[in-house]
Structure formats: structure tokens, C-alpha cells
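Below is one structure; the comments refer to it alone.
Atoms considered below: every heavy atom in the structure, side chains included; atoms not considered: hydrogens, waters and symmetry mates.
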Amino acid sequence: MNAYNIIIALSCVIIFSHIFNFISKRTNVPSVILLIILGVGINFGLQLYGFKIDSYVMGTLEVLGIVGLIMIVLEAAIDLELTKEKWPIIWKSFLMALISLVGCAFIISLIINQFYREDPVISLLYAVPLSIVSSAIVIPSVGNLVNKKKEFMIYESTFSDILGIMFFYFVVENVDTTNANAVIYSVIGNIVITIIVSIALGYGLILMFQRLKGDVKLFMLIAVLVLMYAIGKQLHLSSLVIILIFGLILNNNQLFFVGKMKEWIDQSTINGILKDLHLVTRETAFVVRTFFFVVFGSTIDLQALLNLQVLGISLGIVAVFFAVRFILLKIFYTKEDSILPEFFITPRGLITILLFFSIPAEIQSDLFQPDIILIVIVVTSIMMTIGLVKFGDDKEAKKEVEPAIAAEGDSEISYFLQREGDDEDGSEEEEDHGPSILDELAEHEDSERKKAESGLGTSDEHEDEPEEEDSGEQEGDEPKKD
């Protein structure tokens, strides 16, 4: 395959992904499902021509997953607003993500331990990735929900990613540890060091990049963040916290730069960086997410669906997700609030796959069936699709998006709401032109009627100075006067 054929193939994938986004908005079918199906089709076509998926593709999938994860969390972090109004949604979504993650992880580890007779710690290591809700799937899929439900799902999936990764690497680093005190000190020390380093880097990067001159600097900022993430991983820190805290400090700089520190920043420059960073992270996350799920789809072995034992265990794991989710939604939601479609939105995806690739070779299980990952991802995505199609087309969402778009620049309006409302905004502007023309015609007819009633329309004094709108009628009246 020559270079031009590769370029054609990559371009077609991007075009198809945009088409899938359009279909997703109209049908509520998540675009991720369509991307995976596209990958399966590509794999089928490659097999017909004798091409095989090799380890190089799997390595590419891991790199795409890491970059996509960073972009998705950064995209969400620079939209999180730490205000009193947002606090109820933030703490509820945080607790929901934390309890769901821990509860599902321990229950699934028991299932793996019982069926595969694996060591309890190794079972927990394999259970954690399966317990993480994928923000890469949730964020692009909840556009038609009302504001409150949409923001809750965005926050919950983001927190689930971050907490899940921290939990996973905590288990990895303490597989051979038998001393409980050593485990506690390791966890506390890791969290404290990560937070201190993250805050210092956040302040330093903001102060540095607002003073950089030139037009090309956003990708340098992203490169530095990716570099910090990779270095943090090498030092066994929870590197995703670095990305999260940087985004929080950047978007909520008024809370972090107080007193004399306000003089250190130029608000207009910060706002410009935020605006451009929104665009870059949005587009980059879209491209990376597209190729990740297409490549993942191309690695799927459909024969796994024929293994009844693997299928039964996978469906049992999925049942655990929905049972835990139902209980927690009933606890955190009031009686007046419906738990639909949130009950169905618990997909597994990018993080799950990425963490499975990250399990060290020396502690990998020879008993666990990797096909479980595939079935869990597919089933949870299908369930989310059913929930969104049946319960996700909320008419109230459209009513909430309209004022959100109109109030551009309002800090209370989420960037995600503005992003989802772009299409509706264009159509609304076109619809507004019609009523304005009709109003002008109505006013014109009303003024003509009043003139006719008062006798002004036939007055000789006013015939010498006709208005432009009345010229047609007065020219038509002249033959009658003659």
C-alpha cells in the first residue's frame, strides 16, 4: 500500500466520523458504536486482501489512547467552573463516580476470582478497568439531554476516569505489598505529592505561556502537558491529576490568583488562551477518538461472541454495573427527578482498553479471558444507545440550549452547551428573519390604512412629497385624476 492510498484511507475515516456525528445528533445512536462498526468492516476488508492486524497496530492503539485521554480530560477540565451554583452537581457526581467505581471493582473482582480462581489482588487489578465509565463515549453522546443531566454525566465520567486511573496504578504498585501501613502511606504520599506538583506546574505554565509571544504556542502548551504526563507516569504519580488541576486553574484563575497575585496575570490573554485551547482540544480529541475506536474495531474478533462461558460472565459483569447504578441514582436523585436516561449511560471504552494494555507483563493473568473486555464494551454501548434513543430526546434540552447560546460570554453557560448548540443556533437565526419582515409589512399596511382614514392619502399637499413606499400607489392614482 503506497503513501497516497494511506492518505486517502485516513481522510475517508475522518469524513465518515463527521457523518457519524451528524447521524448521532439526529438519532441518538452514539458515534462511537458507528466507528467501531466501521473498524470491523475495515478489518473484514483487510482480511479479504490478505492483510493482518499485527503488534504495530496494537502499539498505535495504545499511543492513540494515551493522547486521547489527555485531550478529553483537558477538554473537560477547562470547562469545569468552581462556583457555588455548580457545587451540588460536582459533589454528587464525584461521590457517584467514587462509590460506583469502588463498588463495581470489588464485586467484579469476586466474579473473576470465583470463575477463574485467580489471586484476589490480580482479580481486582483486572476488575478496575472494567469499572470505569468512559468519558470518551459519554461526552459526545449526551448532547440532547437537559443541562442538569448533561453536566452531571460529564462530571461523573470525568471523575470516573481520573479516580479509576489512580485506583488502577495504586493496585499495580502494591501488588506485592503485604503491610497495610505501607499501602496507606504509599497512597497518601502519592496523592499529596501529585497535588503539590500539579498546582506548582499549573501556576508556572499559566504565568509562562501568557508571556510567550507569537501565534504558534498552543501546541507547545499541549506538548508540555503531554511531557509532564509521561514524566509523571515514569515517576509513578497520578499524572492525570496534573492535567485536571492545570485546566481548573486556567478556567478558574480568579479563584487561584487572589490579592497581589491578580497583577501577575493578564485576563484578556488568559481568555484568549482558553478560547483557542477549547478549539484545539476539541478538534484533537475528535481526531484521536475517531482513529482509536476505528483501530479498536479492526482488532475485534467476533468469534468471541460464540463462547457461551465468556458471554455469560460478561453479561453478569454488565448486570453488576446496572444494579449498582440503579441503587446510587435512587440515593443521589430526588423523588421528583427521573433516573432516565442516566441509568443506561454507563459505557466502557477508551480507558478500559488503555488500562488493560498498561498491566505489567509480570503480573498479567493467563486465566482471564480478554474477550470479556470486548463484550462488556459492546453491550454497555448498545444499552446506552437504547436508553438515549428511547429516553434521551428531551424537548426541554432544546429550550435550555437557546438561552445558553444567546447569552454568549456568560460564565454560567457551559462550553459543552455552547458546543452542542452550534447547529441549533444557525437555524434559529434563519428563522428569525421571517417574523421581522412580516412585522414591517404589517406596520406599513397599518400606517396606510390610518392615512386613508384621515384623508392624508388623497391630499394635494402630500402628493408633491410622496414617500418611497407609496410611490407605486400614487403613480397608479394619477390616471384617475386626469
Could you check whether E118 and S365, counting side-chain N and O atoms only, form a donor-acceptor pair closer than 3.5 Å?
yes
Taking every heavy atom of F332 against every heavy atom of I99, the minimum-distance pair comes out as CZ-CD1, 4.1 Å
For the student: nearest non-hydrogen atoms of V133 and D161, plus distance:
O-OD1, 2.9 Å
Assess whether side chain to side chain contact (heavy atoms under 4.5 Å, CB included) is satisfied between F322 and M383, documenting all intermediate values.
CA-CA 10 Å; F322 287 103; M383 292 297 293; 3.6 Å; yes
Could you tell me if the ring centre of F343 sits under 6.0 Å from that of F391?
no
For F293, run the side chain to side chain contact (heavy atoms under 4.5 Å, CB included) check against V288, I377, L35 and tell me which one passes.
L35
Output yes when a side-chain donor or acceptor of S17 lies under 3.5 Å from a complementary backbone atom of V13, and no otherwise.
no
Heavy-atom nearest pair, V379 first then L315, reads CG2-CD2, 4.1 Å
Where do P341 and L388 come nearest, in terms of heavy atoms and distance?
CG-CD2, 4.4 Å
Show your reasoning for whether side chain to side chain contact (heavy atoms under 4.5 Å, CB included) applies to F356 and F368.
CA-CA 11 Å; F356 270 104; F368 182 82; 3.9 Å; yes
Do S135 and I154 make a side-chain contact, defined as non-hydrogen atoms from C-beta onward lying under 4.5 Å apart?
no
Measure the shortest side-chain to side-chain distance between F16 and V294 over non-hydrogen atoms and say whether it is less than 4.5 angstrom.
no
Quick one: does any side-chain atom of R117 pair with a main-chain N or O of L367 as donor and acceptor, under 3.5 Å?
no
Out of curiosity, L244 CG to I195 CD1, how far, rounded to the nearest 0.5 Å?
10.0 Å
Show your reasoning for whether side chain to side chain contact (heavy atoms under 4.5 Å, CB included) applies to Y126 and L130.
CA-CA 7 Å; Y126 276 82; L130 289 168; 5.9 Å; no
Chi angles and distances behind the ring pair (Phe, Tyr, Trp, His ring centres under 6.0 Å) call for F257, Y203:
CA-CA 9 Å; F257 290 87; Y203 276 101; 4.9 Å; yes
Side-chain touch H18/F22, heavy atoms, less than 4.5 angstrom:
no
How about P360 and V172: do any of their side-chain heavy atoms sit closer than 4.5 Å?
yes
Counting only N and O atoms by type, is there a donor-acceptor contact under 3.5 Å from the side chain of T352 to the main-chain atoms of R348?
no
To the nearest 0.5 Å, tell me how far I137 CD1 sits from T380 OG1.
6.5 Å
Would you name the heavy atoms of V224 and F209 that are closest together and state the gap between them?
CG2-CZ, 4.1 Å
Where does the angle between the aromatic ring planes of F167 and F106 fall among parallel (under 30°), tilted (30 to 60°) and perpendicular (over 60°)?
tilted
Can a side-chain donor-acceptor contact be found between S123 and S109 if the only test is distance below 3.5 angstrom?
no
Residue pair F292 / L354, side-chain heavy-atom distance below 4.5 Å:
no
Give a yes or no on whether the backbone of E156 and the side-chain of S160 come within a donor-acceptor separation of less than 3.5 Å.
no
Roughly how far, to the nearest 0.5 Å, is OG of S381 from CD1 of I345?
12.0 Å
So, does N252 use its side chain to make a donor-acceptor pair with the main chain of L248 at under 3.5 Å?
yes
If you round to the nearest 0.5 Å, how far is OG of S31 from CG of N21?
4.5 Å
E342: what forms a side-chain hydrogen bond (donor to acceptor under 3.5 Å, both in side chains) with it, not counting sequence neighbours?
K149, Y333
Does F344 form a side chain to side chain contact (heavy atoms under 4.5 Å, CB included) with T385? I'd like the steps, not just the answer.
CA-CA 8 Å; F344 292 93; T385 302; over 6 Å; no
So, taking the atom named CZ in F94 and the one named OG1 in T158, what distance separates them when rounded to the nearest 0.5 Å?
12.5 Å
Could you tell me the separation between the OG atom of S93 and the CZ atom of F159, rounded to the nearest 0.5 Å?
5.0 Å
At their closest point, which heavy atom of I249 faces which heavy atom of I199, and how far apart are they?
CD1-O, 4.1 Å
Treating T281 as the side-chain partner and H278 as the backbone partner, does any N or O pair qualify as donor plus acceptor under 3.5 Å?
yes
